[in-house]
Amino acid sequence: MVKNQSVEELLKSKCGKEDYEKLSAISNPPLHRFIAKYVELCNPDKVFVSTGSPKDNQYIRKQATSSGEERKLATEGHTVHFDGYYDQARDEENTKFLLPKGVSLGSHINSTDRRGGLKEIQALLKNSMQGHQMYVCFFCLGPTNSEFSLPCVQLTDSSYVAHSSVLLYRPGYEEFKRLGSSPAFFKFLHSEGELEDGVSKNIHQRRIYIDLQGDTVYSANTQYGGNTIGHKKLAMRLAIHRASKEHWLTEHMFLMGVHGPEERVSYFTGAFPSLCGKTSTSMIKEETIVGDDIVYLKKMDGEMRAVNVEKGIFGILQGVNSKDDPLLWKTLHNPGEIIFSNVLVTEDKNVYWLGKDGEVPKKGVNHSGDWTLGKKDANGEKIPPAHPNARFTLNMDLLENVDPKLNDPEGVKVSGIIYGGRDSDTLVPVKESFNWTHGVMTMGASLESETTAAALGEERVRKINPMANLAFLSIPIGEYIENHLDFGRGLEDVPPIFSVNYFLRDSEGNFLNEKDDKRVWLKWMELRVHRDVEAIKTPTGYMPRYEDLKKLFKEVLGKNYSKEDYVKQFTLRVPEHLAKSDRVKQFYEGKVKDIPEALFEELEKQEQRLKEAKEEYGDYISPEEFE
């Protein structure tokens, strides 16, 4: 609580007349108390209140460059931001839930005592904004004036964080005015802390705390977007918790329109662990993107409807090239408001990232300062020209393939759900579940992906990752899976669930698919949800028929698709499926309490079907055997 002054007096003294009037136009005492509390605690020199107007957004942009947090590049509208050398990614170790004594969300969730955590973070935030300006910004998760709308306020002393949020999220000031005194909003408080050479100095005191009880995220002594832009994965954790109580879903999914016959558009959501093709699928040629990262799913008139929580993209640059990502490549090289972070800036003020077309520059400026080829860090390790986690931030309006329903308050009807992982030896490229429960349990809850050598130094280590959302859960896993089962039971029009696998290999380690083949799998799924094509029933789900894929490969890619390739790709690998089923059961039996019995029932039924097929056809079964 504000101690020596009233909320009104404190805000008037710190904000100035114009900014105070912006706040007073919102009739929400809990909001005013929250802002006043942290204005007093953080003690900024100045407070700027943004309404999201063009004028206010321009002020934030100008502050970002005048403060040095961003620097202008050669292309109009492009800027670059550098985080500290040791502040380049999400800090999972110091990202913790604040939980009351006696409350546990499961062993997979990093948490600390709520009372002690609040005391610690308040001490770190005390006077942390002296010499800085506080930006008070209002945003809306999901489209505005919608059943999906979740209003948010972010307090930050980083002009870069404020600018990034302006690009990524819909303005929420008018939403707060519309909602009046409702206290149901998310709160984010970030301070970059003491700076040295323009970056957060006290990284050893970096903390990101999530208070579910107060719907609040605290972030201190960090600048990296994943730790500071509260509306991304941090808000996702708050939303998963709220969704569980209110009977809807918050998912780590893309949302895209797949275009079918006669100008039909069918919308698919898709959950993929990292490095499994999530972004490349959502940005695929000739389809339209609604979102690449997070969706809210609600039941409306018996249908599943979805929205993109965001209106922009905070994307990884590594590997983006003109051949595989033509639409994104074009956007990144055209004028427009884009923030690049932790790339290499060349002498001509252009940017280079790892995997970009062309030769690696010999010198430039990056997150380590002045850089030349072969430069080493304090440990003698070579510093790459750009950080592997270099990012771009942009408003999706810059994309040629943005779907016209991006901001539709009603969202879009979900026609199908896709789960995909990195799997070298088990799953076929595409298949459909038998029903909702079978899909949730054997495709979503059983989602598994192999690590890469680049990521962990050990290749093909298999990790179970339910719905590709394990790292962001704020409720127990068993409750999370049960919520999915319940959600499907309440739908009159239940969307089919599919699995895809772009990474199947032959016995010699060669990939069995080309990168572009995913365009065909999407077109098949679009036809399948409308029952425009038949499918083959197998022990693990419905697979495509050869004749349908042959036609699609010709129409979509202009390629001849051989029966030999089809059989190789869609052979049912019984031993590998049984081994995977054992791994899934081991994961849940060892780590999860109160897992729905339906999980084990579905796995047992599928195992029985596989064993019966093995008895009749052997270990490796051509899809033709099931026709």
Exercise. Are any non-hydrogen side-chain atoms of Glu479 and Glu482 less than 4.5 angstrom apart?
Worked result: no
Exercise. Within the distance-only criterion (no hydrogens, no angle test), does the side chain of Arg242 pair as donor or acceptor with the backbone N or O of Leu212 below 3.5 angstrom?
Worked result: no
For this session: Salt-bridge test for Glu564 and Lys568: reply yes if a basic N is under 4.0 Å from a carboxylate O, no otherwise.
Result: yes
Exercise. Closest heavy-atom contact between Gly291 and Ser282?
Worked result: O-CB, 4.1 Å
Exercise. Do you know which two heavy atoms are closest between Asp325 and Gly319, and how far apart they sit?
Worked result: OD2-O, 3.8 Å
Exercise. Taking 4.0 angstrom as the limit, do Asp423 and Lys580 come out as a salt bridge?
Worked result: no
For this session: Kindly say whether His259 contributes a backbone atom to a donor-acceptor pair with the side chain of Glu287 at under 3.5 angstrom?
Result: yes
For this session: With sequence neighbours left out, write down each residue that passes side-chain contact (heavy atoms from CB on, under 4.5 Å) with Val307, or none if nothing qualifies.
Result: Pro143, Phe148, Tyr296
Exercise. Between Thr95 and Asp91, which heavy-atom pair has the shortest distance, and what is it?
Worked result: OG1-O, 2.5 Å
For this session: Heavy atoms only: give me the nearest Phe254-Val295 pair and the separation to one decimal.
Result: O-CG1, 4.1 Å
Exercise. Is there a donor-acceptor pair closer than 3.5 Å between any side-chain N or O of Trp521 and the backbone N or O of Val500?
Worked result: no
For this session: On the 0 to 90° scale, with breaks at 30° and 60°, tag the Tyr542-Phe434 ring pair as parallel, tilted or perpendicular.
Result: perpendicular
Problem set entry | Neighbour count above 12 (heavy atom, 6.0 Å) for Gln586 CD | no
Exercise. Is there a donor-acceptor pair under 3.5 Å between the side chain of Asn321 and the backbone N or O of Gly355?
Worked result: no
Exercise. What residues, two or more places apart in sequence or in another chain, satisfy salt bridge (charged side-chain N to carboxylate O under 4.0 Å, His left out) together with Lys554?
Worked result: none
Exercise. With Glu589, which residues qualify under side-chain contact (heavy atoms from CB on, under 4.5 Å), at least two apart?
Worked result: Lys585, Phe600
Exercise. Do side-chain atoms of Thr269 reach the backbone of Leu255 as a donor and acceptor pair under 3.5 angstrom?
Worked result: no
Exercise. Between Ile210 and Leu238, which heavy-atom pair has the shortest distance, and what is it?
Worked result: CG2-CD2, 3.7 Å
For this session: Could you please spell out the steps behind the side-chain contact (heavy atoms from CB on, under 4.5 Å) verdict for Met253 and Ile417?
Result: CA-CA 9 Å; Met253 290 177 162; Ile417 298 170; 3.8 Å; yes
Exercise. Is the shortest distance from a Lys or Arg side-chain nitrogen in Glu92 or Arg90 to a carboxylate oxygen in the other one below 4.0 Å?
Worked result: yes
For this session: Determine, for Glu303 against Arg305, whether the closest basic-nitrogen to carboxylate-oxygen distance falls under 4.0 angstrom.
Result: yes
Problem set entry | From CD (Glu534) to CZ (Arg545), nearest 0.5 Å | 6.0 Å
For this session: Measure from the side-chain N and O atoms of His530 to the backbone N and O of Asp532, and report whether any donor-acceptor pair falls under 3.5 Å.
Result: no
For this session: Applying side-chain contact (heavy atoms from CB on, under 4.5 Å), run through Asn560 and Phe553 and close with a yes or a no.
Result: CA-CA 7 Å; Asn560 293 320; Phe553 267 89; over 6 Å; no
Problem set entry | Glu615 atom CD, neighbour heavy-atom count above 12 within 6.0 Å | no
Exercise. Is there a side-chain contact between Lys232 and Glu310, using heavy atoms and a 4.5 Å cut-off?
Worked result: yes
Exercise. Just by distance, with hydrogens left out, do Ser266 and Glu526 show a side-chain donor and acceptor under 3.5 Å apart?
Worked result: yes
Problem set entry | Side-chain donor or acceptor of Arg237 paired with backbone N/O of Ala471 under 3.5 Å | yes
Problem set entry | Short side-chain donor-acceptor distance under 3.5 Å, Glu576 and Tyr620 | yes
Problem set entry | With Asp582 via side-chain hydrogen bond (donor to acceptor under 3.5 Å, both in side chains) - residues at least two apart | none
Exercise. Is the shortest distance from a Lys or Arg side-chain nitrogen in Asp516 or Lys285 to a carboxylate oxygen in the other one below 4.0 Å?
Worked result: no
Problem set entry | Smallest separation among heavy atoms of Pro273 and Ala468, with atom names | N-CB, 3.6 Å
Seminar exercise, completed: Contacts of Lys559 meeting salt bridge (charged side-chain N to carboxylate O under 4.0 Å, His left out) (sequence neighbours excluded), chain-then-number -> Asp517
Exercise. Would you say the side chains of His252 and Lys278 form a donor-acceptor pair under 3.5 Å?
Worked result: yes
For this session: Run the salt-bridge test on Arg505 and Asp425 with the 4.0 Å N-O cut-off and return the result as yes or no.
Result: no
Problem set entry | pair Phe570-Pro429: side-chain heavy atoms closer than 4.5 Å | yes
For this session: Verify whether one side chain among Ser424 and Glu450 offers a donor that lies under 3.5 Å from an acceptor in the other.
Result: yes
Problem set entry | Partner set under side-chain contact (heavy atoms from CB on, under 4.5 Å) for Glu612, not counting sequence neighbours | Gln608
Exercise. Can a donor-acceptor pair be found between the side chains of His577 and Gln606 at a distance below 3.5 Å?
Worked result: no
Problem set entry | Residues forming a side-chain hydrogen bond (donor to acceptor under 3.5 Å, both in side chains) with Lys299, sequence neighbours excluded | none
Exercise. More than 12 foreign heavy atoms under 6.0 Å from CG of Asn435: is that the case here?
Worked result: yes
Exercise. Does one side chain, of Asn227 or Ser219, offer a donor that lies under 3.5 Å from an acceptor on the other?
Worked result: no
For this session: Anything under 30° is parallel, anything over 60° is perpendicular, the rest tilted; go ahead and classify Tyr546 against Tyr566.
Result: tilted
Problem set entry | Heavy-atom donor-acceptor pair, Asn465 side chain to Asn469 backbone, under 3.5 Å | yes
For this session: Only counting residues at least two apart or in another chain, list the ones meeting side-chain hydrogen bond (donor to acceptor under 3.5 Å, both in side chains) with Arg573.
Result: none
Exercise. Looking at Tyr502, does the NZ or CZ of Lys518 lie under 6.0 angstrom from its six-membered ring centre and within 45 degrees of the ring axis?
Worked result: yes
For this session: Measure the shortest side-chain to side-chain distance between Lys523 and Leu527 over non-hydrogen atoms and say whether it is less than 4.5 angstrom.
Result: no
Exercise. Looking at residues at least two apart in the chain, or sitting in another chain, which of them share a salt bridge (charged side-chain N to carboxylate O under 4.0 Å, His left out) with Asp403?
Worked result: none
Exercise. Is there side-chain contact between Tyr419 and Met467, with at least one heavy-atom pair below 4.5 Å?
Worked result: yes
Problem set entry | Main-chain N/O of His241 paired to Ser474 side chain as donor or acceptor, under 3.5 Å | yes
Problem set entry | With Tyr480 via ring-ring contact (aromatic ring centres under 6.0 Å, His included) - residues at least two apart | His484
Problem set entry | Close side-chain approach of Phe587 to Arg462, heavy-atom, < 4.5 Å | no
Exercise. Residues in side-chain contact (heavy atoms from CB on, under 4.5 Å) with Val494, at least two apart?
Worked result: Trp436, Leu491
For this session: Please examine the side chains of Leu99 and Ser104, heavy atoms only from C-beta on, and report whether any two atoms are closer than 4.5 Å.
Result: no
For this session: Quick one: which residue pairs count as a salt bridge (Lys or Arg N to Asp or Glu O under 4.0 Å) with a foot in residues 428-441, not counting sequence neighbours?
Result: Glu432-Arg528, Glu432-Arg531
For this session: Return yes when atom CD of Glu555 has more than 12 non-hydrogen atoms of other residues, nucleotides or ligands closer than 6.0 Å, and no otherwise.
Result: yes
Problem set entry | Close side-chain approach of Asp324 to Ser280, heavy-atom, < 4.5 Å | no
